[in-house]
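This one's a predicted model, so the numbers in the text were calculated from it and none came from an experiment. First listed ligand is number 1; within each ligand, the first listed atom is number 1.
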Amino acid sequence: MTTILEQETLTRSKQLLQRAKGCIPGGVNSPVRAYKSVAGTPRFIHSGEGAYVIDEDGRRYIDYVGSWGPMILGHAHPAVVRAVQEASARSLSFGAPCELEVIMAEKICRLIPSIEKVRMVNSGTEATMTAIRLARGFTGRDKIVKFEGCYHGHADCLLVKAGSGALTFGTPSSPGVPAASVADTLTATYNDLDSVAALFEEQGQDIAAIIVEPIPGNMSMLLPAPSFIEGLRNICDEYNSLLIFDEVMTGFRVSPTGFQGLSDVRPDLTTLGKVIGGGMPVGAFGGRTDIMDHLSPEGPVYQAGTLSGNPIAMAAGLATLRELEKPGCYDRLRAMTEQLIEGVLARAASFGIAFQANYLCGMFGFFFTNEAEITRYAQVMSCNSAQFNPFFHAMLGAGTYLAPSAFEAGFVSMAHGPAEINQTLLACEQAFSYLTKL
Ligand SMILES: *Cc1c(COP(=O)(O)O)cnc(C)c1O
């Protein structure tokens, strides 16, 4: 769908997409970039600076994608660029241990109390995949519980959304995933403790772990109901199963330590990614020493990586984390996010648009809905996606780059200030006004 607001002069992006389609499936290296659900031409990005990205046709956008989370400092932050330049002059990779890995591991262990030991990998997918393998190896059990609508990367055993609710085996959500790979993946409903309890009553002795995004950010964005996460902890304790927090998205974003800075509940294992790489391909998983020491070479559970702990990735991540330790930066990020989202909600209300939002520090989700509160996957799925698409294109046309899907969270960076927030709210007024005329 091309709206009247879609700009027609995307010459370079159109040409590049054409070329890309000839040699890359769908023209993209990750599916949501293709704009399939919103249609139109994906912007090929030439560069970024601070809160802005600039496309190949020279258009500037206020960026609320932030590379899907990593760019919490904004683009091309001088400290990160400098760290990468310095590290790369000493070679890009060794495949041998280096000091930067130790500094990174010490920092993660110091910042996140539940992490006593940590291992670096190259993506969030690797982190969750290995955390599951480790939980299975440690407990000697095969089954895992995940939540419908939670995304943990694209490893076979986690690629299940299984709409049929508790007590059923998962069915793969992609061809190519053998049924056997997901036969031990059980799915429950986020924010519904009973759905989890029911699975454990039947099969608790066989369940190695629950993996959860404590704040889901892959079905737009949800917030945990009071004591939901605590309830998961109690169930895991009762059955000697492990609790895995997938904080690939929320780590170092929703607070200086992620969800664990907002809650007293401690997981056994945590997966990280996105922000800790500062824009480089990085993931990590860590937790209790007795569990982590089951990993090769200390223990029998195998895991390895040619580029894991890569010095450039460590340098970019460390420079990012160092900036984030500066006093007051999360207070400002929280304030900017609140100003933005409360402003958007007020404008939606003034135009009579049925609209809701969830948000926390640096992260938000929009919903075109009449419902007062969105806490469940089924509610997210029943939102009016017919309104999201024109909204998205109107925002894009007004210079505001949102995720091209109603089911992705949005991200505010430390580089977003009052000027960007105000400009975004003006874009929102145009977009909502446009919706009322459809
Ligand atoms: C992005 C994400 C992943 C996957 O990370 P990749 O680096 O894309 O493999 C896993 N879990 C969550 C919660 C994520 O948001």
Side-chain angles (χ1 to χ4, degrees), residues 28-34 64-72 112 119-135 144-161 173-174 177 185 187 190 209-224 229 232 243-255 257-260 262 267 269-287 303 305 307-310 313 316-317 320 358 360 362-365 377 380 403-405 407-411:
V28 292
N29 282 312
S30 195
V32 75
R33 297 179 197 171
Y64 291 100
V65 176
S67 190
W68 306 95
M71 309 313 289
I72 195 168
I112 304 183
R119 181 161 283 177
M120 305 305 299
V121 290
N122 305 292
S123 67
T125 295
E126 271 187 72
T128 57
M129 181 184 82
T130 317
I132 295 291
R133 181 182 305 151
L134 180 57
I144 56 167
V145 173
K146 79 174 282 292
F147 293 93
E148 200 176 19
C150 279
Y151 177 70
H152 305 291
H154 60 91
D156 278 2
C157 72
L158 291 165
L159 216 50
V160 182
K161 59 174 179 244
S173 57
S174 165
V177 176
T185 304
T187 54
Y190 183 85
I210 298 177
I211 185 166
V212 63
E213 292 181 73
I215 298 169
N218 288 288
M219 41 175 151
S220 191
M221 178 189 171
L222 300 185
L223 292 165
I229 301 291
L232 298 182
L243 180 60
I244 305 172
F245 281 178
D246 182 354
E247 294 223 59
V248 169
M249 185 183 286
T250 53
F252 306 107
R253 174 167 290 279
V254 295
S255 89
T257 53
F259 175 76
Q260 291 170 61
L262 307 173
L269 293 172
T270 301
T271 56
L272 296 166
K274 297 190 172 127
V275 170
I276 49 161
M280 293 293 289
V282 175
F285 62 98
Q303 186 273 331
L307 295 172
S308 295
N310 172 273
T320 301
N358 286 330
L360 266 180
M363 187 173 162
F364 62 84
Y377 172 76
V380 177
S405 159
F407 304 116
E408 303 288 349
F411 300 103

Is Arg253 reaching over with its side chain to a backbone N or O of Gly69, donor-acceptor style, under 3.5 angstrom?
-> yes

What short N/O contacts, under 3.5 Å, does ligand 1 make with the protein, listed by atom pair and distance?
residue	atom	partner	partner atom	Å
ligand 1	5 (O)	Gly124	N	3.4
ligand 1	7 (O)	Gly124	N	2.8
ligand 1	9 (O)	Gly124	N	3.4
ligand 1	9 (O)	Thr125	N	2.8
ligand 1	9 (O)	Thr125	OG1	2.6
ligand 1	11 (N)	Tyr151	O	3.3
ligand 1	11 (N)	Asp246	OD1	3.4
ligand 1	11 (N)	Asp246	OD2	2.7
ligand 1	15 (O)	Asn218	ND2	3.2
ligand 1	15 (O)	Lys274	NZ	2.6

Polar side chain donor-acceptor pair, Gln303 to Arg119, under 3.5 angstrom = yes

If you round to the nearest 0.5 Å, how far is CG of Leu272 from CE of Met120?
-> 8.0 Å

Thr250 OG1 to Glu213 CD distance, which is reported to the nearest 0.5 Å = 7.5 Å

From Phe259 atom CZ to Thr270 atom OG1, the distance as rounded to the nearest 0.5 Å | 11.0 Å

Enter the distance from Ile72:CD1 to Lys274:NZ here, rounded to the nearest 0.5 Å.
-> 12.5 Å

